[in-house]
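Here the structure is laid out as structure tokens; the discussion comes afterwards.
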Amino acid sequence: MPIACVATRASRGVEAPSVQVEVHLSNGLPAFNLVGLPEASVKEAKERVRSALINAGFEFPMRRITVNLAPADLPKQGGRYDLPIAIGILAASKQIPLDSIKHHEFVGELALSGQIRFCQGLLPVIVDASKQNSILVLPTENREDAELVGFEQVRFATHLQSLAAYLHGQSSLPSIDPSLEWLQPNDTARQSCMSEVIGQHQAKQALEIAAAGNHNLLMLGPPGTGKTMLASRMMKLLPQLDYHEALEVAAIHSVAGQNIKPHHFYHRPFRSPHHTCSAISLVGGGAQPKPGEISLAHRGVLFLDEVAEFPRKVLDCLREPMETGEVSISRAAAKLTFASRFQLIAAMNPSPCGDTDNARASNEQILRYLAKLSGPFLDRFDLTIDVPKLPLGALNSSNIQAETSETIAERVLRAREVQLARSGVLNSQLSGKQLKQDALFDDKDLVFLEQSVSKLGLSVRSYHRIQRVARTIADLQQVTKVDRSHIAQALGYRAMDRLLASLARQ
């Protein structure tokens, strides 16, 4: 019976579920029917496949062709099904041996000439195919994706003719080079150093604490005091990703159509969306759900400059992902979950006119401006700091004793290793139970902290966040037990609470 089954893979978020392309040739008037929940881009494959087969020198069967994409309840979109459909027609019409396509998976878009073109979002396909250890045939232009995964069972095809010759056993297809080695480029010269920042000792210290414990940080200050400059230097303080984390990040970027270059593979992502972005672009979504900025910042930093200019409803969309580390997007077509364990760094002016000293705005106008950030959203920040104007003469003073980013990064790495060895997670992810068991607080100090939180009018969430920050400060100082000085320093990083309290008193 003229029927052929070809294996391929669909796209469902960062997953690549298996799909069987079943091709059946039957007698009757010539027709080409495509079933199995195909979207418009897949339905157009009929014309691409027909032209590609004819122009590549193959015979297009003048019979009734039925192509089924199973499972039928899984939506299919994109041009990645062109190649498996063409291979299925060739196998069903006995132009290539049926046995040759066993233990193979095919993914690729076809040009009208029969060339095999690049497809977006194939990194999850390669990862899942490597788990099954099947031979995966990909477009040659997707070589970089295969090299990131290092899957040696990949074969690269450029044209239907060369692929048919391979399936006939007449030639071989290129694969990745097994002797490839990762080279770390020396790009430190292009990165900005913390020693270039003049003054702002407290802000630098807060940035170090945030990097060590993966804490969220909000910077308050007038325009031109260096908030954006400080945030841009955060990346040099963070350690590089390990292989599994880097692959996880690369898969999210691949699904979003933003492929990561090999020399950036281990770099943590840094995303800085403009304040005019929509909730969907920030969180993710669309008719076919795609990851948003918070997922593209997974394992890295999301920097929101001028955070008070973002619409309030957009910022409040971040509250759940900041707690859970993932975002679930529900649409009629699918419900997808994307990882979004990011570190939030935000910067804003303390008033609509830029500064609270000699401000043109009244207290009511300033409070209305600050009210753009909801209380629950502000609660998600472990540290809020002032970035004041530099004192007179600071710009012309020598900055010889300023620490470099490399020196700070070494302390950050040591503190992170201590946290992972003690609890298995960084301090920002410590649960209430872990804080009691592992953080090593004195009972008297916790009573002092509870009284301070009560006087400041903070929430229970803030009580635990201050404990986590104090634990990080102790880890940076390589101290086993947290004492009251660490708690007092952590309470000092509550600039927003002090600003709101001072405005309320006036």
Hey, what do you get for CG (Leu220) to CG (Asn349), rounding to the nearest 0.5 Å? 9.0 Å

One pair to check against salt bridge (charged side-chain N to carboxylate O under 4.0 Å, His left out): Glu323 and Arg461. What are the steps and the verdict? CA-CA 11 Å; Glu323 289 293 322; Arg461 182 186 284 119; 3.6 Å; yes

Has the side chain of Arg268 got a donor or acceptor atom that lies under 3.5 Å from a matching backbone atom of Pro239? yes

Within the distance-only criterion (no hydrogens, no angle test), does the side chain of Lys481 pair as donor or acceptor with the backbone N or O of Ala439 below 3.5 angstrom? no

Minimal non-hydrogen separation, Thr472 against Gly213, with atom names: CG2-N, 3.6 Å

Salt bridge (charged side-chain N to carboxylate O under 4.0 Å, His left out) against Glu141, all qualifying residues, sequence neighbours excluded: none

Does Asn214 reach the main-chain N or O of Ser428 with its side chain, forming a donor-acceptor pair under 3.5 Å? no

Go through the side-chain N and O atoms of His274 and Glu306 and say whether any donor and acceptor fall under 3.5 Å apart. no

Pairing residues for Arg117 by the salt bridge (charged side-chain N to carboxylate O under 4.0 Å, His left out) criterion, not counting sequence neighbours: none

Any residue meeting side-chain hydrogen bond (donor to acceptor under 3.5 Å, both in side chains) with Arg411, in chain and number order, not counting sequence neighbours: Glu208, Glu403

Rounded to the nearest 0.5 Å, the CD atom of Glu245 sits from the CZ atom of Arg299 at a distance of 4.5 Å

Hey, is Lys389 close enough to Asp355 for a salt bridge, meaning N to O under 4.0 Å? yes

OG/Ser130 to CG/Asp128 distance, rounded to the nearest 0.5 angstrom? 7.5 Å

So, Ser195 and Thr404: side-chain donor and acceptor under 3.5 Å apart, yes or no? no

Ser18 and Pro71: which non-hydrogen atoms are nearest, and at how many Å? O-CD, 3.9 Å

Using a 4.5 Å cut-off on heavy atoms from C-beta on, say whether the side chain of Leu138 contacts that of Ile126. yes

Could you tell me which residues satisfy side-chain contact (heavy atoms from CB on, under 4.5 Å) with Ser272, sequence neighbours excluded, listed by chain and number? Phe270, Phe303

Got a donor-acceptor contact below 3.5 angstrom from the Asn142 side chain to the Phe118 backbone? no

Separation between CG (Leu282) and CG (Leu315), nearest 0.5 Å, reads 8.0 Å

With sequence neighbours left out, the residues meeting side-chain contact (heavy atoms from CB on, under 4.5 Å) with Ser405 are Cys193, Met194, Lys236, Leu237

Any chance you could lay out the side-chain contact (heavy atoms from CB on, under 4.5 Å) test for Leu476 and Arg414, step after step, and finish with the verdict? CA-CA 8 Å; Leu476 282 168; Arg414 283 198 302 269; over 6 Å; no

Going through the checks in order, is the side-chain hydrogen bond (donor to acceptor under 3.5 Å, both in side chains) test met by Glu326 and Ser340? CA-CA 5 Å; Glu326 61 183 23; Ser340 57; over 6 Å; no

Under a 4.0 Å threshold between the charged nitrogen and the carboxylate oxygen, would Glu109 count as salt-bridged to Arg80? no

Over all atoms of both residues, closest heavy-atom pair of Pro124 and Val255: CG-CG2, 3.8 Å

For Asp445, salt bridge (charged side-chain N to carboxylate O under 4.0 Å, His left out) partners two or more places apart: Arg484

Those residues at least two apart in sequence (or on a different chain) that pass ring-ring contact (aromatic ring centres under 6.0 Å, His included) with Phe381 are Phe377

Among residues two or more places apart or on two chains, list those pairs meeting salt bridge (charged side-chain N to carboxylate O under 4.0 Å, His left out) that have a residue in residues 415-433. Arg422-Asp475

I would like to know whether Ser328 and Thr337 meet side-chain hydrogen bond (donor to acceptor under 3.5 Å, both in side chains); could you show each step before the answer? CA-CA 4 Å; Ser328 295; Thr337 300; 3.2 Å; yes

List for me each residue that meets side-chain contact (heavy atoms from CB on, under 4.5 Å) alongside Val460, sequence neighbours excluded, and say none if there are none. His464

Considering only heavy atoms from C-beta outward, does the side chain of Val154 approach that of Ile135 to under 4.5 Å? no

Taking Phe448's backbone N and O only, do any of them form a donor-acceptor pair with Ser452's side chain (distance below 3.5 Å, no angle check)? yes

Please identify each residue that fulfils side-chain contact (heavy atoms from CB on, under 4.5 Å) with Glu320, with sequence neighbours left out. none

Within the 3.5 Å criterion, strictly below it, is a donor on Glu105 or Ser134 matched to an acceptor on the partner's side chain? yes

Is there a side-chain contact between Lys204 and Arg233 (heavy atoms, below 4.5 Å)? no

Pairs involving residues 217-227, ordered by first then second residue, that meet salt bridge (charged side-chain N to carboxylate O under 4.0 Å, His left out) (sequence neighbours left out): none

How about Gln288 and Glu39: does a side-chain donor come under 3.5 Å of a side-chain acceptor? yes

Considering residues at least two apart in sequence or located in another chain, which fulfil the salt bridge (charged side-chain N to carboxylate O under 4.0 Å, His left out) criterion with Arg312? Asp316

